[in-house]
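All values reported here derive from a predicted model rather than from experimental measurement. Throughout, a chain's letter reflects where its sequence line sits, starting with A, and its residues are numbered from 1. In what follows, every heavy atom counts, from backbone to side chain, and hydrogens, waters and symmetry copies are set aside.
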Number of protein chains: 2
Amino acid sequence: MKSAVSTEKTLREGSLAKRTAILAAARELFVRHGVDGVSMDAVAARAAVSKRTVYDYFGDKRRLFLAILADASESMIASVRRALDEHLADGAGITTVPQLEKALTAFAIDLGTTIVGSADYAAAFALVAQQRMQTPATEDDVVTTAAEEALVERVAHFADAGLLDTENPPLAAAHFGALTILLAYNDQPDPATADPDRVRQTMIDGVHAFIRAYATR
Amino acid sequence: MKSAVSTEKTLREGSLAKRTAILAAARELFVRHGVDGVSMDAVAARAAVSKRTVYDYFGDKRRLFLAILADASESMIASVRRALDEHLADGAGITTVPQLEKALTAFAIDLGTTIVGSADYAAAFALVAQQRMQTPATEDDVVTTAAEEALVERVAHFADAGLLDTENPPLAAAHFGALTILLAYNDQPDPATADPDRVRQTMIDGVHAFIRAYATR
DNA sequence: GGCACACTACACCGTGCAGTGTAGTGCTGT
DNA sequence: ACAGCACTACACTGCACGGTGTAGTGTGCC
């Protein structure tokens, strides 16, 4: 009678406030103690909500977890696009290598402080890392892929413009990511400990190395 | 009465065969299903050993986990030193940049196929990633630190020799690691899926970029 | 034969937790 | 006044798992 078409089991829409409260609470606890280390009671308590409500909203623990990932993913890709637009847009008047380095540095620092520094996004990384082998290919890959693609497009653009010297923009973009975000994240995976100055320095150095490797001479 | 000096609780030495069997079984299962997703019964079964024996050998689940880390750490650092010795030793007659690139590439591929390709070491990475926030600073950091230090020493050496251009060998070493191992690992974190050719290509490209960024011109 | 030891097989305890069912409360619109 | 809804509080089930205790078996050593 319920016409339960997909896996959905008559979840409730509910108020946005409670929904985000639950997501925030769960994210925080999951990141700190691991998904398995957190009881649904704890999540409910932290969200100041009845456990029953958590289940009414999200169905079960797994789907709550996935909702967190989806949430973080969404705002993360948005952040990347925004930073990309803000610092590396076509209209930014980047015509020389020094200008490019400056813009890339600003971009990297922006992204770095946003992503590595603030918990929401770092949480996604951490959670995916925790669950990687247990969860068959979460949509994290989708996110990083989408983000990288956007970056690849910019790299290709600057290669066309004669500022970067590469026949393989995806590779160059990957190297850019490795020298900046990846390295920064690897240095301080604990969101709580994230030191903005250190992230900043990592970004500056990473971009510099990238420019030395890839700038037209 | 037991004179339990430290945390030790009268563990048993046991045979090396059983010990390694248990470690191997636990490592495999932990990596695949996560530490919390694996019961001690499962470990015992997989190791073809009584559960009681597992407890007699390792005390409890936590210490079994730490034993796995220690084990992997040990052989990992050994691998790094060996590869370093094999490809980048003083006596290797590296006097030109092309020679250096070649040696670095060989080194990276060697390390890459050993570490990323083969499960033992990748397991450590994966497990630490899983447990990072739940376990207060495991000795993974010790390993990567020790490994990086050895690499730093070599980089400094080649900088002195006039082949590399950097005033900051630790940074250069970090960038080397980011462009090679880190990137390779990030591309395919699942040991089972590890594609040697892909790892190989990542290493070649990474070293090439590193050389472009850091070789003396 | 008899002791010591490594090990197994198995039963067992306690507990924490995912998930459910339900009674009850307050709010809103009619 | 009443129905409908969102939500809470709470009790409760079932189960999986960490860890322990122990009786019994095989082996080597004296």
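- In this structure, of C/dT8, D/dG18, D/dC7, it is D/dC7 that holds the atom nearest to the side chain of A/S15.
- Atom CG of B/D41 is separated from atom P of C/dA9 by 12 Å (rounded to the nearest Å).
- Look at CD1 on B/I22: it is 11 Å from C1' on C/dC7, rounded to the nearest Å.
- One interatomic measurement links the two molecules: NZ of B/K51 to P of C/dT8, which rounds to 14 Å at whole-angstrom precision.
- Relative orientation of the A/F107 and A/F176 rings is parallel, given thresholds of 30° and 60° on the angle between their planes.
- Taking A/R81 as the reference, nothing meets the side chain to side chain donor-acceptor pair (under 3.5 Å) condition, with sequence neighbours excluded.
- Note: CE (B/M40) to P (C/dT15) measures 20 Å, nearest angstrom.
- For the pair B/S50 and A/S39, both in contact range of DNA chain C, the more 5′-proximal nearest nucleotide belongs to B/S50.
- The distance from atom CZ of A/R52 to atom P of C/dG21 is 7 Å, rounded to the nearest whole Å.
- Within the nucleic acid shown, B/V38 comes within 4.0 Å of sugar-phosphate atoms alone, with no base atom in reach, counting heavy atoms only.
- For B/R154 and B/D90, the salt-bridge test passes: some basic side-chain N is under 4.0 Å from an acidic carboxylate O.
- Between the OH atom of B/Y55 and the P atom of C/dC10 there is a distance of 18 Å, rounded to whole Å.
- Residue A/Y57 has a polar side-chain atom (N or O) positioned under 4.0 Å from OP1 or OP2 of D/dC7.
- For the pair B/R63 and B/Y55, the cation-pi test (distance below 6.0 Å, angle within 45°) is failed.
- Following rounding to the nearest Å, B/D60 (CG) and D/dC17 (C1') show an atom-to-atom distance of 14 Å.
- D/dC17 atom C1' lies 13 Å from atom CZ of B/F30, rounded to whole Å.
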